[in-house]
Amino acid sequence: MAEQSPADSQGVGVTRRAVLGTSAGVAVATMLPLQSAAQEISVSNETGTILFVSTTVNGRAVALDIDSRASLLDLLRERLGFSGTKKGCDHGQCGACTVHLDGRTVVSCLTLAAKVAGRQVTTIEGLADGDTLHPMQTAFIDHDALQCGYCTPGQIMSAVACVRHGHATDKASIRQFMSGNICRCGAYAGIVAAIEDVAANSKEG
C-alpha cells in the first residue's frame with residue numbers, strides 16, 4: 001500500500017480544520033440573533049404595559065394608571081393606602097388578602113388589578129359605618145375570634161360573605177366555607193361562634 005505523503009497528510013489536516021472552523025462559525029452566527037432576541041423580550045417584560053383603570057373602592061370612585069401585571073392586593077395597599085388587606089402567602093392559599101369584588105370574596109393577591117375596571121371593591125376598611133363597626137367586626141371582638149390579628153381582616157371579609165350568601169346554616173357549613181382562611185393562632189372556635197352569632201341575629205352579615 002502506498003504511503004501517504006506529508007503534503008497529502010497536511011492537506012487532509014487543513015481541510016478538516018477548515019471544515020470544523022466553518023461549522024463553528026456558522027453555529028456562532030446562528031446563536032447571536034437568538035441571544036439578541038432574548039434580551040429584547042426581557043427588556044419588554046420589565047417595561048410592562050400601563051393601563052388606565054376606573055373602579056370603585058369602598059364606595060369611592062378611583063381612576064389611575066396601573067402596571068398591567070399589578071395585583072389587586074398591591075393596588076389596594078401600595079397605591080390606594082388600604083393596608084387592612086394583608087399580604088400573607090401571596091399564593092392565594094391563606095386568605096389574609098380576601099376582599100369583596102361585586103359582593104363576592106376573592107383573594108386579591110391572585111386577582112389582576114386590571115380585572116376590577118368598572119366593578120365594586122370592598123375591603124375591611126369599607127365595612128364599618130363611620131365609627132360604628134359592622135356586626136361581624138363586633139362579633140369577632142365579643143367572641144375573642146382573633147389573637148395576633150394578622151389574618152382577621154381576611155377572616156371577617158369571608159365571614160360576612162358566609163352569612164350573606166346563606167352558608168352559615170351550621171358549624172360544618174361555616175367551617176367548609178371558611179376553609180380558605182388560615183388562622184395560625186388557632187382561633188377557629190371563636191371565629192365559628194362569631195359567625196353563628198351574626199347569622200342568628202341578622203339576615204345579612
Side-chain angles (χ1 to χ4, degrees), residues 55-60 62 70-77 80 82-205:
T55 186
T56 302
V57 180
N58 296 332
R60 184 182 60 154
V62 174
S71 68
L72 175 57
L73 175 59
D74 289 336
L75 172 64
L76 292 172
R77 288 182 59 84
L80 301 179
F82 293 110
S83 58
T85 304
K86 302 303 183 186
K87 180 173 285 193
C89 65
D90 214 21
H91 287 82
Q93 298 177 351
C94 73
C97 67
T98 302
V99 299
H100 293 173
L101 183 59
D102 292 337
R104 298 282 177 177
T105 56
V106 297
V107 283
S108 56
C109 70
L110 295 185
T111 303
L112 285 174
K115 294 292 186 180
V116 305
R119 304 174 73 179
Q120 302 278 339
V121 180
T122 305
T123 72
I124 189 69
E125 291 91 343
L127 287 185
D129 182 9
D131 293 332
T132 303
L133 294 178
H134 187 281
M136 190 64 74
Q137 292 173 304
T138 301
F140 264 61
I141 295 171
D142 293 343
H143 292 277
D144 293 325
L146 65 153
Q147 288 188 40
C148 78
Y150 194 84
C151 73
T152 304
Q155 296 278 2
I156 290 176
M157 298 306 291
S158 290
V160 169
C162 181
V163 174
R164 180 174 295 167
H165 299 300
H167 297 285
T169 53
D170 52 51
K171 284 183 170 62
S173 297
I174 292 172
R175 292 192 184 102
Q176 176 63 32
F177 187 88
M178 297 293 295
S179 61
N181 291 79
I182 297 173
C183 174
R184 291 179 172 84
C185 298
Y188 295 113
I191 291 170
V192 172
I195 295 172
E196 286 182 313
D197 187 356
V198 174
N201 292 285
S202 175
K203 295 296 182 181
E204 179 175 296

TODO: Without swapping roles, check the side chain of Q155 against the backbone of I191 for a donor-acceptor pair under 3.5 Å.
DONE: no
Only pairs under 3.5 Å count here: list side-chain donor-acceptor contacts from residues 166-174, not counting sequence neighbours, and write none if there are none.
unit_1	atom_1	unit_2	atom_2	d
T169	OG1	S173	OG	3.2
D170	OD1	A172	N	3.2
D170	OD1	S173	N	2.7
D170	OD1	S173	OG	3.0
K171	NZ	E196	OE1	3.3
K171	NZ	E196	OE2	3.1

TODO: If a pair satisfies side-chain hydrogen bond (donor to acceptor under 3.5 Å, both in side chains) and one of its residues is in residues 85-97, list it, with sequence neighbours excluded.
DONE: D74-K87
Task: Point-to-point distance, once rounded to the nearest 0.5 Å, from OG1 of T132 to CG of L127 - done: 13.0 Å
- [ ] Please report the C-alpha distance between N58 and T123 in whole Å, then the side-chain angles of each, then the deciding distance to 0.1 Å, and finally whether the side chain to side chain donor-acceptor pair (under 3.5 Å) criterion is met.
- [x] CA-CA 7 Å; N58 296 332; T123 72; 2.9 Å; yes
Open item on the list: With rounding to the nearest 0.5 angstrom, report the CG to OG distance, L73 to S108.
Closed with: 4.0 Å
Open item on the list: Test your reading of the model: is there a side-chain donor-acceptor pair from N181 to the backbone of G154, 3.5 Å cut-off?
Closed with: yes
Open item on the list: Consider side chain to side chain contact (heavy atoms under 4.5 Å, CB included). Of C109, S71, C151, which one does C97 pass it with?
Closed with: C109
Open item on the list: Give me the atom names and distance for the closest heavy-atom approach of A187 to C183.
Closed with: N-SG, 3.3 Å
- [ ] Identify the heavy atoms of V198 and A139 that sit nearest to each other, and give their distance.
- [x] CG2-CB, 3.6 Å
Task: Nearest atoms (heavy-atom pairs only) where V192 meets R175 - done: CG2-CG, 4.1 Å
Open item on the list: As an exercise, state the distance from OG1 of T122 to CG of L101, rounded to the nearest 0.5 Å.
Closed with: 9.0 Å
Task: Listed partners of T105 passing side-chain contact (heavy atoms from CB on, under 4.5 Å), at least two apart - done: T98, H100, S158, A161
Report all side-chain donor-acceptor pairs from residues 140-148 shorter than 3.5 Å, counting only partners two or more places apart or in another chain.
unit_1	atom_1	unit_2	atom_2	d
H143	NE2	D197	OD2	2.9
Q147	NE2	C185	O	3.4

Listed pairs under 3.5 Å, donor-acceptor, residues 111-118 side chains, sequence neighbours left out:
unit_1	atom_1	unit_2	atom_2	d
T111	OG1	V107	O	3.0

TODO: Using the test side-chain contact (heavy atoms from CB on, under 4.5 Å), find all partners of D102 that sit at least two apart in sequence or belong to another chain.
DONE: R119, Q120
- [ ] Search all heavy atoms of R77 against all heavy atoms of S83 and return the closest pair with its distance.
- [x] NH1-O, 2.9 Å
TODO: Check R184 against C94 and note the closest heavy-atom contact, atom names and distance.
DONE: NH1-CB, 4.3 Å
Task: Flag, side chain of H165 to backbone of G103, donor-acceptor distance under 3.5 Å - done: yes
- [ ] Measure from the side-chain N and O atoms of S179 to the backbone N and O of Q176, and report whether any donor-acceptor pair falls under 3.5 Å.
- [x] yes
TODO: Please determine which of V121, V99, I124, V57 meets the side chain to side chain contact (heavy atoms under 4.5 Å, CB included) test together with F82.
DONE: V57
